[in-house]
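All remarks here apply to the structure that follows.
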Amino acid sequence: MKFAYRFSNLLGAVYRHGNLSFSKDGNSVISPVGNRISVFDLKNNKSETLPVSTAKNITCVGLSPDGNLAILVDEDGAALLVSLITRAVLHHFHFHKPVASIRFSPDGRKFVVTKENVALMYHAPGKNREFNAFVLDKSYYGPYDETTCIDWTDDSKCFVVGSKDMSTWVFGAERWSNLIYYSLGGHKDIMVGCFFEKDSLDLYTVSQDGTLCVWESDTELDGLVLRKTRLPAERGEEERGEGEEEEPRGEVIRGKGERPKEKEGTKNVRYKQRSKHFFNKEGDFNNLTAAAFHKPTHILVTGFASGIFHLHELPEFNLIHSLSISDQRIATVSMNSSGDWIGFGCSGLGQLLVWEWQSESYVFKQQGHFNNMAALAYSPDGQYIATGGDDGKVKVWNMTSGLCFVTFTEHTSSVTNVTFTSRGFVIVSASLDGTVRAFDLHRYRNFRTFTSPRPAQFSSLAVDPSGDLVSAGAQDSFEVFIWSMQTGRLLEVLGGHEGPVSCLCFSPVQSILASASWDKTVRLWDMMDSWQTTETLRLTSDGLAVSYRPDGQELAVATLDGEISFWNPQSANQTGSVSGRHDLEMGRKETDKITSKQSAKGKSFTSLCYSADGESILAGGQSKFVCIYNIREQILMKKFEISCNLSLDAMEEFLDRRKMTEFGSLALVDEGVGDGDGVELSLPGVRKGDMSSRHFKPEIRVSSIRFSPTGRSWAATSTEGLLTYSLDGALVFDPYDLDLDVTPASVRRQLRQAEWATAIVLAFRLNETALTQEVLEAVPHHQIAVVCGSLPDVYVEKLLGFIAAALERCGHLQFYLSWSQSLLTQHGQKLKTRSGAVLPTIQSLQKSIQKHFEDLSKLCDWNMYTIRYAVALSKQRGVKRTAGDALCDKDQSEDSEVMSEASLEETDMLI
């Protein structure tokens, strides 16, 4: 088995902190999620997480006007220049201080960054290759407190900066003689937003207390006059103010309390307050937290701490719309280029909403788990993932789109485990609220609720291969409960463990249940023989996780001493073990009194899963690493670092000496108690984040890990969310049985000679996806059965795997289905003898066919409905036409009778 797994997607979290941005076409929204960014395609209903990450959580994102570049800035001021086309990092830069906001100019030539009380204007990176992509142009000083927001004029001549000192500063991007800087007041709270009017210097400023000021300028943009000479103040030649850092290069422009002096012949730009409006009326004080302005339509969107947002038309301040979309604080607001869609981000619940205000409907509505994820499970076809979290919710995610399509909220406490039944239509979840619930994926309802005679907290769960038996282990009564899925009745209570039951697992081929416990045993229970214990496996330490191999011939157990032991379930003999304590490499928490090397002695794996072929095992636990071991050789094959986010605790092996003082670590100092972020101290023993404090650093850990049934991907639930890793064969050149004669030219020569089977074999030996697809699609449809019959056995499985992958991305549905039908018909008996090795390929093929079946069935149902509607409409019109024809015939017969009577009267008169 090859381990070329690469990071694929981040699910379970859609927004954390920072500003939202829409793409240039307005059909995609870019959302920062921790130290990564996700792109949600609203038109095609898909999500993608870029394979780039910063050192800490992202606080602001700047998007270039053409939509090709993005600048990501984290909490410490470290920036990444990322190409949204190639998904690659182009440049690293460090601003050395936290950055409040970043904004590109509309012409894309410059961008402004605000940090502390200074605004820095840089030359934007262009198409030319440069050693330093960020070149400082000018530094603007003026505000006395931290800057909060930026906006540019449409022609990129000026920009405006808002500050926490309740002032707004207008600066010229060029050396204008009549506008160097201009300071505006009028507010009594922190500035949240400042916006220029379209093609004008007129301003709108919004503060946190819900005040809107409308400022009118006496000069148009065309009235700005370019100065030819530079003032000494702009050369940076005067002494620097106290506490200001020395900038490396660029001009320095310093705003002062008084206005700049006017030169002869020029009149400086002046502002006057045109009007002032208030959002908080009738005394209901509500902090305004976010604002966005769409210049073409003059619409202002404001979000509040209570989850309410308002739409106003400016400058008249007419209320268009008001709605409550959440009960949490709205952290960011953004509008797309057309002004139809509004994006909202709520960091408290991790919500991302896109609202179409004209139709008053949701375009996009996603929310991750509020707290940590605790468990995950793949559906049997690998198409869906179910997750359970500490917030008591069970969510189901579509692997193709990366989005959640159903959420079950019936549990009232943390969900500890989830699993699918063998048919894939039922999800079963266990919770600490004392219930095990079964959910129907057809009708999206909770149709079974299993409880114990006495209240118990269920920490483990398993469903047998037939789907008839549901078992759950309790962590307080040390018992295992068995229910019937059909009737919902409790069948048996299995006793015998002397400690909490930590994990349950059914054998894939027999009705045998394995239960691991803290009493240092694994018990095997026979479900067919009066629920008796067939074997008891004695462990060296407390059992934490147990897993069966897909063929049921081996059992893996993870124990508290960091070891993974392998057992033969028939003979109850141990066949091997792997010591993984040194592979975990646990980091040191900021509040730990001991080193990471000492704390690693108490760490262990808490989740195990076999690969689809049973040759490897995946292990994760209280660490940022996930390990893959080869079972036969009992060695570590690969370690995956699931996160490099230093905003999480226990990420670094050693404490930063720069944070150590004579009073101890700075992490132990209560900072910002009155600043709204709260204290950073957690209660002793807290691992998942102290919810009683207003600020906490969650500890990095892997709570659950699963391999996909298709064998092409695996997923892990961690502190950051649900991470998926998949095989990326397109980037790896991996030939099979290659020699000098196997070239693309020889493959195409065999195609021209109509040697189809030989061309397919040569293409697979070269193993290039594009060439293999070209060869397959060149085979005539009537020759498919002949070619399948003449293929060697070793290439049948390779061809099935290629067809399964091609069905997901290609539109030739009938063509590739004909290939799969011929292969399975002619080689089915031989494939059955190697069912264990071929099973992942067959499941991958089933997943692709099932996806197409669902899409086509919806389309066919819609077409049948349309046809029935058209037929019913034509029948209705036919009935009306028939009735009309009958009325016409009746009228014509009456007219003929009248005419005949008149003619008789005329003849009588003539006679």
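Between the Ser64 side chain and the Leu69 main chain, a donor and an acceptor come within less than 3.5 Å of each other.
Within a 6.0 Å radius of CD in Gln814, other residues, nucleotides and ligands contribute 12 heavy atoms or fewer. Remark: Phe425 CZ is packed, more than 12 non-hydrogen atoms of other residues, nucleotides or ligands lying under 6.0 Å away.
The two residues Asn35 and Glu720 have their closest heavy-atom pair at OD1-OE2, 3.0 Å.
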Acceptor/donor pairs from residues 770-782 side chains to any protein atom, 3.5 angstrom cut, sequence neighbours excluded:
{"unit_1": "Thr772", "atom_1": "OG1", "unit_2": "Glu768", "atom_2": "O", "d": "2.9"}
{"unit_1": "Gln773", "atom_1": "NE2", "unit_2": "Glu777", "atom_2": "OE2", "d": "3.1"}
{"unit_1": "Glu774", "atom_1": "OE1", "unit_2": "Arg748", "atom_2": "NH2", "d": "3.2"}
{"unit_1": "Glu774", "atom_1": "OE2", "unit_2": "Arg748", "atom_2": "NE", "d": "3.3"}
{"unit_1": "Glu777", "atom_1": "OE2", "unit_2": "Tyr816", "atom_2": "OH", "d": "3.1"}
{"unit_1": "His781", "atom_1": "NE2", "unit_2": "Ser818", "atom_2": "OG", "d": "3.2"}

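Taking Phe566 as the reference, nothing meets the ring-ring contact (aromatic ring centres under 6.0 Å, His included) condition, with sequence neighbours excluded. Remark: Phe625 engages no residue in a ring-ring contact (aromatic ring centres under 6.0 Å, His included) (not counting sequence neighbours).
Note on Asp551 versus Arg549: salt bridge recorded, some NZ/NE/NH1/NH2 to OD/OE distance being below 4.0 Å.
Judged by the 6.0 Å distance and 45° axis criteria, Arg712 is not positioned over the aromatic ring of Phe707.
Annotation: Tyr384 is not in aromatic contact with Tyr378 [ring centroid separation under 6.0 Å not met]. Ring-centre distance between Tyr548 and Trp567: not below the 6.0 Å cut-off.
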Under the side-chain hydrogen bond (donor to acceptor under 3.5 Å, both in side chains) rule, what do Asn45 and Ser401 come out as? Steps first, then yes or no, please. CA-CA 6 Å; Asn45 202 32; Ser401 65; 5.2 Å; no

